[in-house]
Amino acid sequence: MVKFKRLYFLYSLLILISCNKVEDEGHLIGFQITYVGERNDGQLDSKQILTTGNDVKVTYVDDVIIASKVIEVNACGKYNGILDVRQDTIVLKYESQSDELCDSQDFRRFTYVIANSENKKFKIYMKDE
C-alpha cells in the first residue's frame, strides 16, 4: 500500500508539472514554478522569507529526485529550469525566457523533478541567475 501511495504521488506530480518547459531532457523530468507571495503583501510570514537563504529541499522517491527552493525573482519574469549534472553534483539553474521585466520582485518555489535511475545520492545546490 505504501508503494502504491508513492507511485500515485509521483505520477500526480509528473502530471501536474508536465506542461512546463524542460531544458535538460536527459535528467530533468519536470519543472514547476509556484507563486509564494510578495515581501510586503502580508501573505508571507518571516519563516517563509527566511527559507530563501537555506539549502535546497531534496526528497528522494524511488528513482526520482524532487528538489525545490523558494527564491526571490522578478515578478514579471517567466523562467526555464536547467540542470548541470556532473559526477556526484547537480546544480539547479534557471534562466529568464521573457524580455518583459518590471520593478517588483516576488517569491516563487522552483521545483525540479530529476531522473535518478542509479538511485545515487547527489550534492544538490541552486545557482541563481
Side-chain angles (χ1 to χ4, degrees):
M1 186 68 178
V2 173
K3 190 166 189 149
F4 175 74
K5 286 182 181 179
R6 284 178 140 186
L7 288 174
Y8 178 77
F9 170 76
L10 182 60
Y11 289 128
S12 298
L13 184 64
L14 291 175
I15 289 170
L16 181 68
I17 64 177
S18 63
C19 296
N20 291 303
K21 185 172 180 181
V22 175
E23 287 293 317
D24 179 347
E25 296 296 332
H27 296 280
L28 188 58
I29 299 171
F31 175 70
Q32 178 183 17
I33 301 172
T34 307
Y35 174 80
V36 176
E38 295 177 15
R39 187 175 296 275
N40 297 321
D41 69 359
Q43 293 178 354
L44 295 176
D45 61 19
S46 59
K47 184 178 179 182
Q48 287 176 307
I49 292 173
L50 290 174
T51 60
T52 61
N54 293 346
D55 293 334
V56 176
K57 180 182 176 190
V58 178
T59 305
Y60 290 85
V61 180
D62 297 327
D63 60 349
V64 174
I65 303 168
I66 302 169
S68 67
K69 183 172 182 183
V70 175
I71 56 176
E72 189 172 16
V73 294
N74 189 283
C76 299
K78 296 184 190 230
Y79 302 93
N80 292 332
I82 303 169
L83 291 182
D84 184 6
V85 181
R86 297 182 186 171
Q87 297 176 350
D88 66 342
T89 303
I90 297 175
V91 181
L92 308 173
K93 300 178 184 180
Y94 60 93
E95 68 179 4
S96 177
Q97 69 178 22
S98 64
D99 294 330
E100 180 183 348
L101 297 176
C102 54
D103 292 335
S104 62
Q105 300 281 104
D106 61 21
F107 290 94
R108 299 183 194 179
R109 178 175 306 281
F110 284 56
T111 303
Y112 299 76
V113 180
I114 305 161
N116 185 19
S117 59
E118 298 175 9
N119 293 322
K120 186 177 175 182
K121 296 288 183 188
F122 288 91
K123 297 175 197 167
I124 300 175
Y125 67 94
M126 176 168 273
K127 182 176 181 182
D128 294 335
E129 257 188 341

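This structure is a prediction, so every number in the text was calculated from the model and none was measured. Just the heavy atoms: all of them, side chains too, but no hydrogens, waters or symmetry mates, feed the values below.
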Is a side-chain N or O of [X] found less than 3.5 angstrom from the main chain of [Y], in a donor-acceptor match?
X    : Y   : value
N74  : C76 : yes
Y112 : I65 : no
S98  : K78 : yes
K120 : Q87 : yes

- Message: Using 30° and 60° as the class boundaries, would you call the ring planes of Y79 and Y94 parallel, tilted or perpendicular?
- Response: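 Perpendicular, since the angle between the ring planes exceeds 60°.
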- Task: Could you tell me which residues satisfy salt bridge (charged side-chain N to carboxylate O under 4.0 Å, His left out) with D88, sequence neighbours excluded, listed by chain and number?
- Result: K123
- V113 versus L28: any side-chain heavy-atom pair under 4.5 Å?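 Contact flag for V113/L28 side chains = no.
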- Report whether I29 and V61 are members of the same hydrophobic cluster (ILVMFWY, side-chain heavy atoms less than 4.5 Å apart, transitive linking). yes
- Query: Are V91 and I82 connected in a single hydrophobic cluster, I mean Ile/Leu/Val/Met/Phe/Trp/Tyr linked by side-chain heavy atoms less than 4.5 Å apart?
  - Reply: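 No; V91 is not reachable from I82 via cluster members.
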- Partner set under ring pair (Phe, Tyr, Trp, His ring centres under 6.0 Å) for F122, not counting sequence neighbours: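 With sequence neighbours excluded, F122 shows a ring pair (Phe, Tyr, Trp, His ring centres under 6.0 Å) to no residue whatsoever.
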- For N119, look at atom CG and say whether over 12 heavy atoms of other residues, nucleotides or ligands are found less than 6.0 Å away. yes
- Task: Could you pull out all residues at least two apart from D106 that satisfy side-chain hydrogen bond (donor to acceptor under 3.5 Å, both in side chains)?
- Result: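 If we apply the side-chain hydrogen bond (donor to acceptor under 3.5 Å, both in side chains) test to D106, skipping adjacent residues, the hits are R108.
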- Message: Just verifying a value: how many Å separate Q105 CD and E38 CD, rounded to the nearest 0.5 Å?
- Response: 10.0 Å
